[in-house]
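Remarks on the structure that follows.
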Amino acid sequence: MQNPDVADDLRSWYDESEREFGAGRIRSGESGLPAGENVALIDQLGGEPGYGNWAAFRPPAALALDESHPVSPTLRLADGRPFTFIAATAGYPWVAHGPDAILMFFEPETRTSVFTFDWS
C-alpha cells in the first residue's frame, strides 16, 4: 500500500526547491553565477573523481560503471567507451538543497556529456 502523504511531501519539496532556485537566480543577478564572495565555480578540474555515493547506484542502461580500479571508478557507455572526468563543483552555491558535488563526465567520440551528483 502506498503512503498517501508521499505525493504531498514530494510536491512540497519540489515547490520549495523551485522557490529556492528562483531566489538563487535573483541573488546571482545578471551574471548567472552563484551569489557570495569567494565562491569557487570549480572545485576540481580533471584528475580522478574518486569513489563517492555518486557511484553507489547502478547508472541508467545506456551507461556502465567499471569499478575495477581501486582508486576511482570509470563511467562508460554501455558499449564500453570510457568517459573522461572533466570537473566537479559544490552544489550548495547553486541551490540551498543542492548536492555536495556536481560531477561532469565527457565521452569525446559520441560527444556525450553526463552530469551526476554526490550527496555525501
Side-chain angles (χ1 to χ4, degrees):
M1 179 173 184
Q2 290 186 342
N3 182 341
D5 296 329
V6 170
D8 290 339
D9 290 347
L10 187 57
R11 173 54 47 208
S12 294
W13 189 85
Y14 282 149
D15 290 344
E16 182 181 339
S17 295
E18 188 173 357
R19 281 190 303 276
E20 177 57 36
F21 181 73
R25 289 182 61 106
I26 291 167
R27 285 191 309 269
S28 67
E30 291 183 18
S31 72
L33 301 174
E37 294 183 27
N38 301 319
V39 174
L41 296 180
I42 297 176
D43 294 317
Q44 180 181 351
L45 184 61
E48 300 288 339
Y51 279 93
N53 65 15
W54 73 270
F57 301 95
R58 185 174 15 172
L63 305 173
L65 193 62
D66 177 354
E67 297 183 79
S68 63
H69 192 280
V71 175
S72 186
T74 301
L75 188 63
R76 298 180 180 276
L77 287 171
D79 67 8
R81 285 180 278 196
F83 282 83
T84 299
F85 172 66
I86 301 299
T89 185
Y92 295 110
W94 304 98
V95 160
H97 299 291
D100 292 320
I102 303 168
L103 296 90
M104 180 186 179
F105 296 84
F106 182 70
E107 195 288 309
E109 188 176 332
T110 60
R111 299 178 54 105
T112 303
S113 293
V114 171
F115 288 89
T116 190
F117 308 95
D118 190 279
W119 298 85
S120 297

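- Interatomic distance, Leu103 CG to Asp43 CG, rounded to the nearest 0.5 Å: 10.0 Å.
- In the hydrophobic cluster analysis, where Ile, Leu, Val, Met, Phe, Trp and Tyr join through side-chain heavy atoms closer than 4.5 angstrom, Trp54 is grouped together with Leu63.
- Tyr51 and Phe85 end up in different hydrophobic clusters when Ile, Leu, Val, Met, Phe, Trp and Tyr side chains are linked at under 4.5 Å.
- The minimum heavy-atom distance between Pro73 and Gly50, with the atom names listed, is CD-O, 3.7 Å.
- Atoms CG and OG1, on Leu77 and Thr112 in that order, are 5.5 Å from each other to the nearest 0.5 Å.
- Of the inter-residue distances, the one linking Arg111 atom CZ with Phe106 atom CZ reads 5.5 Å to the nearest 0.5 angstrom.
- Here the closest non-hydrogen pair linking Phe115 and Ile102 is CD2-CG2, 4.1 Å.
- Rounding to the nearest 0.5 Å places CD of Glu107 at 10.0 Å from CG of Leu75.
- A distance-only check finds no donor-acceptor pair linking the side chain of Asp118 to the backbone of Ala101 [under 3.5 Å].
- With hydrophobic clusters built from ILVMFWY side chains whose heavy atoms lie under 4.5 angstrom apart, Phe117 does not share a cluster with Val114.
- In this structure the side chain of Leu65 never reaches within 4.5 angstrom of the side chain of Thr74, judged on heavy atoms.
- Using modelled atom types, one side-chain atom of Gln44 and one backbone atom of Gly46 make a donor-acceptor pair closer than 3.5 Å.
- A pairwise comparison of heavy atoms in Ala55 and Glu67 identifies O-OE1, 4.2 Å as the closest pair.
- Within the 4.5 Å cutoff, no side-chain heavy atoms of Thr116 are placed close to those of Phe57.
- Taking the six-membered ring where tryptophan is involved, the planes of Phe105 and Phe83 are perpendicular, since the angle between them exceeds 60° and thus also 30°.
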